[in-house]
Protein chains: 2
Amino acid sequence: MAAMARAATTSDAFNAIAEPQRRDILALLRAGERPVTDLAQELGMSQPRASKHLRVLREVGLVRVREAGKQRLYGLDARGLRPIHEWVGGFERFWNESFDRLDTYVQDLKQTRQEE
Amino acid sequence: MAAMARAATTSDAFNAIAEPQRRDILALLRAGERPVTDLAQELGMSQPRASKHLRVLREVGLVRVREAGKQRLYGLDARGLRPIHEWVGGFERFWNESFDRLDTYVQDLKQTRQEE
DNA sequence: TTGATGCATTCCGATATAGGCATATGATGG
DNA sequence: CCATCATATGCCTATATCGGAATGCATCAA
């Protein structure tokens with residue numbers, strides 16, 4: 001079979017939030033629903049660009065759209081962030097431990113160096 | 001200027017953990033340091049593949065390497081996950097709120113449908 | 001020194017974006 | 001029906017990966 005490329009990023013929340021501008025959009029949406037143009041302007045990006053990012057966010061379920069006449073109001077649906085929070089949270093004790101670990105690591109380095 | 005492509009994924013933790021296999025590697029490393037081959041075998045991936053993922057993780061600072069004779073032991077350095085945890089945590093109250101929001105959303109949908 | 005072992009790299013192919021720009025769509029107001 | 005506003009898409013380019021396979025490099029054992 002042919003070589004495979006990177007997994008589709010548009011298919012999961014982890015990938016969706018890997019893009020800084022999409023994180024910005026999500027952050028803005030905490031303040032409430034907003035139309036595309038609004039978001040685009042506030043974030044200094046073109047409208048098509050905003051629409052595309054919103055599409056990705058919609059596809060992974062992090063935002064939802066509501067038709068409001070001529071506009072489409074995008075709103076936050078943060079439920080998809082929860083699994084991420086939990087996954088990352090699984091490392092909490094390790095980043096607290098890290099200093100010690102780093103210390104022993106440095107120790108090992110010195111050790112190794114002296115043995116040479 | 002020419003069109004720009006996606007931001008380099010190898011340059012930040014958000015992107016590093018967007019790749020499932022890299023998440024798997026990090027999860028495994030919670031149990032302690034491990035040589036490349038070990039990780040590769042346990043995760044059922046080729047050695048070069050493991051090395052490449054480890055390189056990305058190293059570049060964003062999520063793992064560190066220690067030379068141990070013929071082997072290179074990779075260890076977790078979870079400190080880089082903390083900012084992510086905090087960013088995502090900033091949405092916590094929203095995913096708790098979500099049910100209500102979703103309800104009103106569904107209401108709106110019904111409403112809209114009936115009006116057609 | 002000669003292998004063998006453990007990894008990192010390089011080269012190549014297929015593909016997935018991100019962005020820009022132009023354009024198609026849809027709904028609204030006259 | 002027509003012009004306009006608000007968005008979504010399509011097309012095209014430059015890149016960035018991810019993967020595999022082969023290869024380069026140390027280091028270790030005999």
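The chains referred to below are lettered A, B, ... by the order of the sequence lines, with proteins before strands, and numbering in each begins at 1. All values below come from the heavy atoms of this structure, side chains included, with hydrogens, waters and symmetry mates left out.
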Return no unless some side-chain N or O of [X] is found under 4.0 Å from OP1 or OP2 of [N].
X	N	value
R49(A)	dA18(C)	no
Q71(B)	dA26(D)	no
H53(A)	dT17(C)	no
T37(A)	dT7(D)	yes
Y74(B)	dA8(C)	yes
R55(B)	dT9(C)	yes

Inset, instruction - Encode nucleotides 24-30 of chain C as B, S and - characters from 5' to 3', where the letter depends on protein heavy atoms closer than 4.0 Å: B to the base, S only to sugar-phosphate, - to neither. - result: --BSS--

Legend entry - For E67(A), all residues meeting salt bridge (charged side-chain N to carboxylate O under 4.0 Å, His left out), sequence neighbours excluded: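 If we apply the salt bridge (charged side-chain N to carboxylate O under 4.0 Å, His left out) test to E67(A), skipping adjacent residues, the hits are R72(A).
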
Inset, instruction - Identify, residue by residue, the members of residues 41-48 of chain A with a heavy atom below 4.0 Å from DNA chain C, and return them in order of residue number, or none. - result: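 Contacting residues: S46(A), P48(A).
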
The criterion is side chain to side chain contact (heavy atoms under 4.5 Å, CB included); which residues satisfy it with [X], sequence neighbours excluded?
X	result
Q41(B)	none
P48(A)	S46(A)
D24(A)	L43(A)
Q47(B)	V36(B), S51(B)

Legend entry - With sequence neighbours excluded, residues passing ring-ring contact (aromatic ring centres under 6.0 Å, His included) with Y74(B):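 For Y74(B) there are no ring-ring contact (aromatic ring centres under 6.0 Å, His included) partners, ignoring immediate neighbours.
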
Inset, instruction - Could you say whether R34(B) or K52(B) is positioned toward the 5' end of DNA chain C, judged by the nucleotide with the nearest heavy atom to each? - result: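 In this pair, the answer is R34(B).
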
Legend entry - Pairs satisfying salt bridge (Lys or Arg N to Asp or Glu O under 4.0 Å), at least one member in residues 42-51 of chain B, at least two apart: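 Found R34(B)-E42(B).
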
Inset, instruction - Identify whether the distance between the nearest side-chain nitrogen and carboxylate oxygen of R82(A) and E86(A) falls below 4.0 Å. - result: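 A salt bridge links R82(A) with E86(A).
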
Inset, instruction - Find the distance Q21(A):CD to dG19(C):C1' and express it as a whole number of Å. - result: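 These atoms are roughly 9 Å apart.
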
Legend entry - Distance in angstrom units between D38(A) CG and dT7(D) C1', rounded: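 For the pair D38(A) CG and dT7(D) C1', the rounded distance is 13 Å.
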
